[in-house]
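Just below is one structure, and these are the notes that go with it.
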Amino acid sequence: MTDQRERNIISSFIGFADRLVDDFDVLELTTQLTQDCARLLDVAAAGLLLADAAGVLHLLAATSEEARHLEAFQLQREEGPCLDCYHTGRPVSVADLTAETGRWPRFTAVAAEQGFASVHAIPMRLRRDRLGALGLFGTHPGTLGEDDLTLAQGLAHVASIAIVQANHRMGRDDVLPALQAAVVSRAALEMAKGVLAEVQTIDMQEAFTRLLDYAHRHHQRLSDVARRVVSGGPGSARLLDDIAELAATRVRSTTGHGSPTASSTPDPVS
Amino acid sequence: MGSEGDQVRAGLTATLAGAGRGRVAADRLCAGCVDLLVVDGAGLSIVSAGAAFRSLGASGAGAREFDELQFTLGEGPGLDAVESAAPVLAADLDGPGGKRWPAFAGAATRLGVRAVFALPVTVAGFPVGVLCLCRRRPGPLAGAALRGGFLAAELAVLPVLDVLGIDMNAAVQDDTSTAWDELGSLMRSEVYQAAGVLTAQLGVPPAEALVRLRAHAFASGMTASEVAYQILDHSLHLGDDAAGTESGRERF
């Protein structure tokens, strides 16, 4: 482990610890977590899958916001390493996906289409309850070393704690309402991205960035902002205008000239 | 999940199999809750225009009357569950917890109902209805029954969407797909994103956007996911003349 990497890992965990003692948003924190996973573990894409009351896996957060990039995660509802990981409660490591076409025919086909070659699935749990799985997708074959697996498990634990902690804040103990609430928040976020993408002619990644920027700027929760965008009426229209205005400011300050047109963020998954 | 949970899930699925759509399915689902979740009555109500409630289904005539009681009185766990978009579990209406709704708790205990568990039925975070489970015996809903209640509230999205949308009996002859498959086909990132696009294009509430997307999938023989991707890449536009706006549609 290089000194720089060690510093990055420490700063990542300190960042999460700081957020957990504050008034955080589960969607935002877990999205940051998937990004840290990808960076620290050198994988191309990471995603968190949560199980609902029926034991069905739903995508909570991922390194990409584009629907096409989420397909490999969403397929885990039916088959794949994350589903197996959730069921067994143990990590599932697939160093070379081409060797597993018989085991998960649909999943391996979609994963190959998107350029993925290896997958590592890490369980999320709280005491004896299984909550979901963290999926790490690499573009080249290979295993995760012992240290990396431990690190991935630590990051998965952070996500589990965040979800349960958000639930305690609402005065509930049972973990099930927490899972349901997180899944529902994600659905509202996806809808809000759709609204924003359509109204402001941007892609889903940029729509997400704008929602997040607005939430940060106004010290609001990402999931609350998303809900207000979707709820309709004059309040939503004003909010959409404010989000556009903030995005224009961002473009002006980063490009140094006054163009109000928004730029599109490049694809994070190549 | 445990085998008990699997049984409840299988039981709820069975109650909806071949039950048709809309009100019939809602009644069957409520009856299934009484059979499987150790409660005495169940009612499914729909929220329209933000505040008005209507009964959609019930496990029996008594349960329907009881369910409507809180709408008449203007207070109760069901209303609060919709307001907060979160479950409201009133384990003893005759205890301190019942003081939150004095009129409703009084009327309920006179009718012999001591516990009400109200679970919101949500589409993308927005309550479109509420499933109320009531029981004569006070006390919390045990783990497996609560889990089953969440499952039933999830399944209840389908009959609610039916009633918010068109009468789909004619459009839906496909008995090969189970209710869970259909729910699963809707609960996907691209479907929610596309519903958001429709919300913006048509100026309709989220649930109605989802209704229209689903109606188009039925009518065209595509999956909800296929329709969603066409909406996202702008190769499909569901205008006001699209499937889903027939006269049978009830106002949201």
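The chains referred to below are lettered A, B, ... by the order of the sequence lines, with proteins before strands, and numbering in each begins at 1.
- Contact of Ser231(A) with chain B is made through backbone and side chain together, with heavy-atom distances under 4.5 Å.
- Arg77(A) touches chain B through its side chain: at least one heavy atom from C-beta onward sits under 4.5 Å away, while N, CA, C and O do not.
- Taking chain B as the reference chain and counting heavy-atom pairs below 4.5 Å, the highest number among Ala188(A), Ala67(A), Ala226(A) is found for Ala67(A).
- Residue Asp52(A) holds its CG atom at 9.0 Å from CZ of Arg147(B), rounded to the nearest 0.5 Å.
- Screening Arg68(A), Glu190(A), Glu71(A) for a side-chain contact (heavy atoms from CB on, under 4.5 Å) involving Glu190(B) leaves a single residue, Glu71(A).
- Separating the OG atom in Ser189(B) from the NE2 atom in His69(A) is a distance of 12.5 Å, to the nearest 0.5 Å.
- For a residue to count as touching a neighbouring chain, one of its non-hydrogen atoms must lie under 4.5 Å from one of that chain's; by this rule Val56(A) touches chain B with the side chain only.
- Here OH of Tyr192(B) is found 12.0 Å from CG of Leu59(A). Values are rounded to the nearest 0.5 Å.
- Looking at Leu12(B), there are no atoms closer than 4.5 Å to chain A (heavy atoms on both sides), in backbone or side chain.
- Contact check for Met187(B) versus Gln74(A): no side-chain heavy atoms found under the 4.5 Å cut-off.
- Among the candidates Val197(B), Val204(B), Thr199(B), the residue making the largest number of heavy-atom pairs closer than 4.5 Å to chain A is Val197(B).
- Atom CD of Glu83(B) has 12 or fewer neighbouring heavy atoms from other residues, nucleotides or ligands inside a 6.0 Å radius.
- Counting only distance, with no hydrogens or angles, the side chain of Gln193(B) and the backbone of Met204(A) share no donor-acceptor pair below 3.5 Å.
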